[in-house]
Asker: 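Structure in structure tokens, see below.
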Amino acid sequence: AEAVGQRLRSEPIDAVYVTKLRRTAQTAAPLVRHLAVQPTVQPDLHEIFLGDWEGGIMRKMSAEQHPTFTKMISDGEWGHAPGAETTQALADRTVPALAQIHHDHPGGRVAVFVHGGVIAALLHHATGARPFAFLGADNGSIHNLVLDGDRWLLRQYNDVTHLAHLS
């Protein structure tokens, strides 16, 4: 979080957004302190709801290569997990939320602190790549997404150069 804050502190950032989950506010905190701004909570950018696989169960299913997990990955469909939000439902929630942020800050630069599943959904939307193509972004990584009306452009993905001194 400190490295992210240091990396972004010289950028002309107009606003900071976080999700309803505390960990995004904690990650944004160093930048927020430097900018002396109050982060805005955008609740629709919260992480994918995994239904019965919440609370670390998905990690277990992944480690065991459970058939439902492997189908989920091969199909790019979160909804294969029992009771989980579907891939389309995630996009239907997150894409308009980011578009609203863009609308609220025309011509501005905004830092949005989100989760891995949300990053994957938004970048899938921007690029048209397969749904899970961008899963696996590193914690604390930076992605540069430019919104220009209905056109979304991915300029940078999974930049972790600011974390190099931590390894």
Side-chain angles (χ1 to χ4, degrees), residues 1-51 53-56 58-59 78 84-85 87-129 131-167:
E2 291 294 334
V4 171
Q6 285 295 319
R7 171 76 181 274
L8 296 176
R9 71 183 299 154
S10 62
E11 298 292 331
I13 295 174
D14 301 306
V16 175
Y17 284 79
V18 297
T19 73
K20 62 186 182 180
L21 297 180
R22 182 176 37 195
R23 66 183 186 243
T24 60
Q26 291 169 332
T27 304
L31 178 62
V32 166
R33 279 193 305 273
H34 170 74
L35 297 175
V37 299
Q38 191 73 329
T40 301
V41 174
Q42 176 27 278
D44 287 334
L45 291 177
H46 68 85
E47 184 58 297
I48 180 77
F49 176 68
L50 295 171
W53 287 12
E54 286 284 319
M58 189 171 97
R59 282 189 202 104
W78 294 109
E85 184 174 21
T87 300
Q88 187 62 53
L90 176 63
D92 290 347
R93 170 171 59 80
T94 58
V95 169
L98 193 62
Q100 184 63 51
I101 291 171
H102 169 65
H103 178 267
D104 292 346
H105 301 277
R109 182 173 286 186
V110 178
V112 182
F113 290 78
V114 295
H115 313 276
V118 174
I119 292 167
L122 294 173
L123 299 186
H124 160 68
H125 176 79
T127 65
F132 287 9
F134 294 99
L135 270 183
D138 292 313
N139 288 338
S141 57
I142 295 174
H143 319 277
N144 186 343
L145 189 58
V146 177
L147 278 64
D148 180 18
D150 290 337
R151 196 171 80 153
W152 292 36
L153 304 166
L154 176 59
R155 298 275 186 197
Q156 181 179 46
Y157 170 70
N158 207 41
D159 181 350
V160 293
T161 55
H162 54 287
L163 304 177
H165 71 283
L166 299 176
S167 50

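Here the structure is a predicted model, which is why all the values come from computation and not from measurement. In this chain, numbering begins with 1 at the start of the sequence shown.
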Asker: In this structure, which one of Leu145, Val118, Leu98 forms a side-chain contact (heavy atoms from CB on, under 4.5 Å) with Val112?
Answerer: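 Filter result, single survivor: Leu98.
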Asker: When rounded to the nearest 0.5 angstrom, what is the spacing between OG1 in Thr127 and CG in Leu153?
Answerer: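 Here the rounded value is 11.0 Å.
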Asker: Applying salt bridge (Lys or Arg N to Asp or Glu O under 4.0 Å), which residue pairs with at least one partner in residues 134-147 are found, sequence neighbours left out?
Answerer: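 Pairs touching residues 134-147 that pass the test: none.
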Asker: My understanding is that only residues two or more places apart in sequence, or in another chain, count here; which of them pass salt bridge (charged side-chain N to carboxylate O under 4.0 Å, His left out) with Arg9?
Answerer: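 Partners of Arg9 by the salt bridge (charged side-chain N to carboxylate O under 4.0 Å, His left out) criterion come out as none, since no residue qualifies.
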Asker: What's the separation between atom NE2 in His124 and atom CG in Leu154, rounded to the nearest 0.5 Å?
Answerer: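 Reported to 0.5 Å precision, the distance equals 13.5 Å.
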Asker: Working to the nearest 0.5 Å, report the span between CD of Gln100 and CG of Leu45.
Answerer: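 It comes to 11.0 Å.
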Asker: How close do Ala1 and Pro30 get, counting heavy atoms only, and between which atoms?
Answerer: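 The answer is O-CG, 3.5 Å.
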Asker: What residues form a side chain to side chain contact (heavy atoms under 4.5 Å, CB included) with Phe132, not counting sequence neighbours?
Answerer: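 Expected list: Met72, Ile73, Trp78, Thr87, Arg130, Leu135.
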Asker: Out of curiosity, Thr94 OG1 to Glu85 CD, how far, rounded to the nearest 0.5 Å?
Answerer: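 One finds 8.0 Å between OG1 of Thr94 and CD of Glu85.
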Asker: Go through the structure and list residues passing salt bridge (charged side-chain N to carboxylate O under 4.0 Å, His left out) with Glu47, not counting sequence neighbours.
Answerer: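 With sequence neighbours excluded, Glu47 shows a salt bridge (charged side-chain N to carboxylate O under 4.0 Å, His left out) to no residue whatsoever.
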Asker: Mind checking side chain to side chain contact (heavy atoms under 4.5 Å, CB included) for Asp44 and listing every partner two or more places apart, or none if nothing turns up?
Answerer: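 Asp44 satisfies side chain to side chain contact (heavy atoms under 4.5 Å, CB included) with Gln42, Arg93, Ala97 only.
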Asker: Side-chain contact, heavy-atom cut-off 4.5 Å: His34 with Leu8?
Answerer: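 Not in contact.
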Asker: With side chain to side chain contact (heavy atoms under 4.5 Å, CB included) as the test, would you mind laying out the steps for Asp104 and Thr40 before giving the verdict?
Answerer: CA-CA 12 Å; Asp104 292 346; Thr40 301; over 6 Å; no
Asker: Once salt bridge (charged side-chain N to carboxylate O under 4.0 Å, His left out) is applied, do any residues pair with Glu11, and if so which ones, sequence neighbours excluded?
Answerer: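 Counting only residues at least two positions away or on another chain, Glu11 forms a salt bridge (charged side-chain N to carboxylate O under 4.0 Å, His left out) with Arg109.
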Asker: Measuring from Leu31:CG to Ile13:CD1, what's the distance to the nearest 0.5 Å?
Answerer: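 If we round to the nearest 0.5 Å, Leu31:CG and Ile13:CD1 are 4.5 Å apart.
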Asker: Sequence neighbours excluded, which residues qualify as salt bridge (charged side-chain N to carboxylate O under 4.0 Å, His left out) partners of Arg22?
Answerer: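 Arg22 satisfies salt bridge (charged side-chain N to carboxylate O under 4.0 Å, His left out) with no residue once adjacent residues are dropped.
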Asker: List for me each residue that meets side chain to side chain donor-acceptor pair (under 3.5 Å) alongside Ser141, sequence neighbours excluded, and say none if there are none.
Answerer: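 For Ser141, the residues satisfying side chain to side chain donor-acceptor pair (under 3.5 Å) (neighbours in sequence not counted) are His143, Asn158.
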Asker: Among all residues two or more places apart in sequence or in another chain, which pass the side chain to side chain contact (heavy atoms under 4.5 Å, CB included) test with Ala28?
Answerer: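 Residues passing side chain to side chain contact (heavy atoms under 4.5 Å, CB included) with Ala28: Val16, Val18, Val32, Phe113.
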Asker: Tyr17: what forms a side chain to side chain donor-acceptor pair (under 3.5 Å) with it, not counting sequence neighbours?
Answerer: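 Result, side chain to side chain donor-acceptor pair (under 3.5 Å) vs Tyr17: His105.
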Asker: Would you please name every residue forming a side chain to side chain donor-acceptor pair (under 3.5 Å) with His115, sequence neighbours left out?
Answerer: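 Per chain and number, His115 pairs via side chain to side chain donor-acceptor pair (under 3.5 Å) with Thr19, Arg23.
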Asker: With sequence neighbours left out, write down each residue that passes side chain to side chain contact (heavy atoms under 4.5 Å, CB included) with Ser10, or none if nothing qualifies.
Answerer: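 Per chain and number, Ser10 pairs via side chain to side chain contact (heavy atoms under 4.5 Å, CB included) with no residue.
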Asker: Side-chain contact, heavy-atom cut-off 4.5 Å: Phe134 with Leu122?
Answerer: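 A side-chain contact under 4.5 Å is absent here.
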Asker: How many angstroms lie between CG in Leu147 and NE2 in His103, if you round to the nearest 0.5 Å?
Answerer: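 Spacing of CG (Leu147) from NE2 (His103) equals 12.5 Å.
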Asker: So, for Val146 and Asn144, which heavy atoms are closest and what is the spacing to 0.1 Å?
Answerer: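 Smallest heavy-atom distance, with atoms named: CG2-OD1, 3.8 Å.
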